[in-house]
Amino acid sequence: MEKAVYGPVASYVRLLPLRAGAAARGALRVLSSWFCRAIWLCISVLLLTGAGARAQQASQQVTGQPVTGQPVPWQIGLQPPVTDVARSAQDFHNLLLWITGGVVVLVTVLLIVVIVRFNERANPSPARFTHNTWLEVTWTVVPILVLAVIAVPSFRLLRAQLIIPPSDITVKVTGHQWYWNYEYPAEQGGFTFDSVYVPDDDLTGEQPRLLAVDNEVVLPVDSTVRLQVTAADVIHGFAVPSFGIKIDAIPGRLNETWFRADREGIYYGQCSLICGQNHAYMPIAIRIVSAEQYAAWREEAKARFTAAGD
Ligand SMILES: [Cu+2]
């Protein structure tokens, strides 16, 4: 008796003409079962490691340790959010995931029903009607309701992102090929510095590859920071996932965004608009520290960068 096999390759095997060699059919059958096992293995590994990465991030959130906003191997979820905007964005993302998941399930079920019940063999004489008022009203009204459910949190989030509250600190960010320049205004010390990635050979300790920089941006926790973002040569994109910010850096134009980080830690981002050959080599690193540490850093940075600029 033939062993039952399942999966896409198996259905192909069953379609093979009978005259195909038994050996070829056997080989395909083996492939088929291994194919399915491999897929299941991949899914399990992804789910397990994803859960591990999430647990690691969750424990960081609970213990009060400084948070590290960076991607981790095998991560499935998003980076730990440390601003209200980032948390709202992630909640919104999760809501959309459920809604789109529901749509996928509904469409798949409908498709299977149609394939099984209305194929030529099961349903030899098809219906000939062309309209169904009830059905048409339903498939118009239900999507409108779904869109309305999506629109409310969507506009609320846009409002939170776009209306910049009164800020404590303003920092100007300028994208260059291929590094970022940061400028602190006079009342914050009045200095400017370039932030360049650390090459692989110079990485030390915990520094993550292609995310660590020589001069990190340092800012205080629980302070509203206004970012003025522009570029000196081509268009770049300034993005820090843990803050929920991503804004174009365009030459000749000053874009503004803001964040208020409520956890100390180091948060990494990357240039997010392809800007030339070293686009992948201009990361963003923002260290959020206590107000006292920030004041100390500011004095030290002012002395260091003013001297360097002279
Ligand atoms: Cu860039």
Side-chain angles (χ1 to χ4, degrees), residues 60-61 64-70 79-91 156-175 179-195 211 213-231 236-250 253-272 283-306 308-309:
Q60 268 188 341
Q61 294 279 0
Q65 298 281 321
V67 181
T68 305
Q70 73 173 81
Q79 294 179 34
V82 293
T83 65
D84 286 340
V85 166
R87 277 185 286 269
S88 305
Q90 295 200 3
D91 289 345
R156 198 185 296 142
L157 178 59
L158 266 183
R159 227 183 108 84
Q161 287 176 323
L162 296 180
I163 300 179
I164 301 179
S167 54
D168 303 312
I169 297 174
T170 301
V171 175
K172 186 178 172 193
V173 183
T174 308
Y179 60 92
W180 294 96
N181 169 273
Y182 299 94
E183 211 172 315
Y184 283 62
E187 73 268 17
Q188 294 296 324
F191 53 88
T192 175
F193 60 90
D194 294 336
S195 184
L211 289 177
V213 298
D214 57 353
N215 295 316
E216 293 166 350
V217 179
V218 177
L219 286 163
V221 71
D222 290 326
S223 299
T224 303
V225 178
R226 175 192 293 258
L227 291 176
Q228 297 188 321
V229 181
T230 187
H236 300 268
F238 189 85
V240 182
S242 283
F243 296 167
I245 57 173
K246 181 174 200 176
I247 191 158
D248 293 359
I250 301 173
R253 188 189 162 108
L254 205 62
N255 278 341
E256 287 194 320
T257 188
W258 72 284
F259 67 87
R260 186 185 178 88
D262 49 26
R263 291 289 300 269
E264 291 179 28
I266 173 84
Y267 303 96
Y268 294 103
Q270 288 171 306
C271 180
S272 297
I284 296 153
I286 301 182
R287 190 174 289 279
I288 299 294
V289 298
S290 68
E292 301 76 53
Q293 285 170 314
Y294 171 67
W297 173 83
R298 206 173 56 190
E299 290 315 306
E300 182 265 326
K302 185 181 172 186
R304 183 153 51 105
F305 295 125
T306 313

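Start at 1 with the first residue, then count along the sequence.
- Residues satisfying the salt bridge (Lys or Arg N to Asp or Glu O under 4.0 Å) criterion with Asp222, sequence neighbours excluded, are absent altogether.
- Between Ile247 and Leu227, the closest side-chain pair of non-hydrogen atoms is not below 4.5 Å.
- Among residues at least two apart or in separate chains, salt bridge (charged side-chain N to carboxylate O under 4.0 Å, His left out) pairs with a member in residues 156-169 are Asp168-Arg260.
- Arg287 is linked by a salt bridge (Lys or Arg N to Asp or Glu O under 4.0 Å) to Glu216, counting only residues two or more places apart in sequence or in another chain.
- Between Trp297 and Tyr184, the ring planes lie tilted relative to each other; the angle falls in the 30° to 60° range.
- In this view, Asp91 satisfies the salt bridge (Lys or Arg N to Asp or Glu O under 4.0 Å) rule with no residue, not counting sequence neighbours.
- Phe238 and Tyr182 have perpendicular rings, their planes meeting at more than 60° on a 0 to 90° scale where under 30° would count as parallel.
- Residues passing the salt bridge (Lys or Arg N to Asp or Glu O under 4.0 Å) test with Glu300 are Arg304, sequence neighbours excluded.
- Partner of Thr170 under the side chain to side chain contact (heavy atoms under 4.5 Å, CB included) criterion, out of Glu187, Gln228, Glu256: Gln228 alone.
- With hydrogens and angles ignored, the 3.5 Å screen pairs no side-chain donor or acceptor of Thr68 with any backbone N or O of Ile266.
- Contacts of Phe243 classified as ring pair (Phe, Tyr, Trp, His ring centres under 6.0 Å), with partners at least two apart in sequence or in another chain: Phe259, Tyr267.
- The only option from Asn181, Asp248, Val173, Leu254 that meets the side chain to side chain contact (heavy atoms under 4.5 Å, CB included) definition with Thr230 turns out to be Leu254.
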